[in-house]
Amino acid sequence: MTHPFDLSGKTALVTGASRGLGWEMAKALHAAGALVFINGREDATLRAQSRDFAHMIPLAFDVTDSTAIAHALKDVGPLNILVNNVGARDRRNMDDFTLEEVRHLLDSNLVAPFDLARQVARTMPDGGRIINVTSIAGDIARSGDAIYTASKAGLTGLTRALAAELGARNITVNAIAPGFFATQANVAMVQNPEVQSFLDGRTSLKRWGQPEEIGGACVFLASTAASYMTGQVLTIDGGLRAHF
Ligand SMILES: NC(=O)c1ccc[n+]([C@@H]2O[C@H](COP(=O)([O-])OP(=O)(O)OC[C@H]3O[C@@H](n4cnc5c(N)ncnc54)[C@H](OP(=O)(O)O)[C@@H]3O)[C@@H](O)[C@H]2O)c1
């Protein structure tokens, strides 16, 4: 009997996988047996990162460039698993954004996952999996972060809507909502004692998530273990949303 988390014979694309959570999810899918295309904008970084992994292939393109996506997908062929992980951050008060900056953030965090899902789904085989990386900000908000929050709430809605649209083809669409993870992007916050004290009071586990703690959720959603699960958000936040 095949293990329910076995991904042998599956082909995956993880966007924004040159570092951070994307890289951890790519490694976890690879360890479960998948052939994994890792994406980012810099080919040299992707090559260096994947050098020691037999079934990992760099696929550099900018997710906000629709033509570049189409060009890259032509070389790859049908994908069983798409992980839409790229998400730009820009935390500022509402009056500090130009509308051009607002549109740029929405392009990265919402339009690009839609575009990738649409292009990949056209040739995705039966049993395909689309996994969108949202955030706890998709459901809860704080001051000074309106556009990122709106983009992630939009991505959560998109997850449900695409699950409804692609369900008849037996393609599932789910989301992972990380809480506070100690990735490179958060180095300054990790060193800030005020943030640690916030996490002490606000999370059940009283700590930052380590990047490698995201991989298992991604493998689960990509595997046959999650075959009857779609349109859902899996929150990985040390209990932040469950705790007060
Ligand atoms: N870390 C957290 O605590 C946390 C919490 C909640 C949600 N999230 C979400 O989790 C996801 C990953 O976060 P992270 O902290 O791991 O991010 P990160 O460390 O900033 O990594 C971003 C990745 O995306 C790539 N990238 C950025 N823009 C791109 C573009 N336009 N096209 C292609 N690749 C692009 C980067 O590579 P290049 O720069 O080389 O292109 C890099 O590989 C995001 O969606 C974020 O919103 C993270």
Side-chain angles (χ1 to χ4, degrees), residues 13-28 36-50 56 58-69 71-73 82-91 103-116 119 131-142 145 147-156 158-159 175-190 192 195-196 198-199 202-203 205 207-215 217-218 233-238 240-241:
L13 165 63
V14 184
T15 69
S18 66
R19 59 177 181 269
L21 301 184
W23 171 239
E24 295 299 331
M25 290 187 283
K27 278 193 296 181
V36 185
F37 289 91
I38 58 166
N39 159 262
R41 289 165 297 188
E42 290 169 22
D43 185 56
T45 310
L46 296 170
R47 277 185 194 287
Q49 193 71 298
S50 59
M56 209 180 264
L59 195 65
F61 61 88
D62 186 326
V63 297
T64 62
D65 181 343
S66 192
T67 309
I69 294 173
H71 190 259
L73 291 180
L82 167 67
V83 183
N84 271 318
N85 167 70
V86 168
R89 267 189 211 79
D90 193 350
R91 296 188 183 106
R103 290 193 182 99
H104 175 70
L105 204 53
L106 293 176
D107 260 355
S108 296
N109 295 8
L110 190 52
V111 179
F114 170 76
D115 193 9
L116 267 149
Q119 294 201 44
I131 300 164
N132 294 323
V133 180
T134 61
S135 166
I136 50 171
D139 281 316
I140 55 176
R142 60 180 160 169
D145 203 12
I147 312 308
Y148 179 78
T149 303
S151 73
K152 293 300 190 180
L155 189 55
T156 303
L158 182 70
T159 300
I176 293 174
F180 283 65
F181 274 81
T183 54
Q184 206 176 309
N186 289 332
V187 167
M189 278 168 69
V190 171
N192 183 340
V195 179
Q196 183 55 53
F198 166 79
L199 293 176
R202 193 67 177 73
T203 65
L205 295 181
R207 63 175 175 85
W208 283 86
Q210 293 309 309
E212 61 273 17
E213 291 182 285
I214 205 81
C218 184
V233 180
L234 204 49
T235 301
I236 317 284
D237 67 351
L240 191 149
R241 289 196 57 224

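In listed order, ligands and their atoms are each counted from 1. The analysis underlying the following values was restricted to heavy atoms, covering all of them including side chains, and did not include hydrogens, waters or symmetry mates.
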When you look for heavy atoms under 4.0 Å from ligand 1, do you find them on the side chain of V86, its backbone, both, or neither?
-> both

Just distances here: any N/O of L21 and N/O of ligand 1 closer than 3.5 Å?
-> yes

Just jot down the ligand 1 atoms closer than 4.0 angstrom to any heavy atom of N186, in number order.
-> 1 (N), 2 (C), 3 (O)

Is it the side chain, the backbone, both or neither of N39 that has a heavy atom closer than 4.0 Å to ligand 1?
-> side chain

In the protein, what heavy atom is nearest to atom 40 (O) of ligand 1, and what distance, to one decimal place, separates them?
-> S18 OG, 3.6 Å

Hey, does the side chain of D115 reach the backbone of T64 with a donor-acceptor pair shorter than 3.5 angstrom?
-> no

Determine, using heavy atoms of G179 and all atoms of ligand 1, whether some pair is separated by less than 4.0 Å.
-> yes

Side chain or backbone of A88 under 4.0 Å from ligand 1, or both, or neither, by non-hydrogen atoms?
-> neither

Heavy atom of T134, distance to ligand 1 below 4.0 Å = yes

Nearest non-hydrogen protein atom, atom 17 (O) of ligand 1 | R89 NH1, 4.4 Å

K152 side-chain N/O to D139 backbone N/O, donor-acceptor pair under 3.5 Å = no

Taking S151 for the side chain and L106 for the main chain, is one N or O donor matched with an acceptor at less than 3.5 Å?
-> no

Which bit of Y148 is near ligand 1, meaning a heavy atom under 4.0 Å away: side chain, backbone, both or neither?
-> side chain

Polar atom proximity, G20 to ligand 1 (N or O, under 3.5 Å) = no

Minimum side-chain heavy-atom gap T203-W208 below 4.5 Å = no

Compute the minimum heavy-atom distance from T15 to ligand 1 and say whether it is under 4.0 Å.
-> no

Give the contacting part of Q184 toward ligand 1: side chain, backbone, both or neither, where contact means a heavy-atom distance below 4.0 Å.
-> neither

Short N/O distance, under 3.5 Å, between A185 and ligand 1?
-> no

Going by distance only, is there an N or O of N85 that falls short of 3.5 Å from an N or O of ligand 1?
-> yes

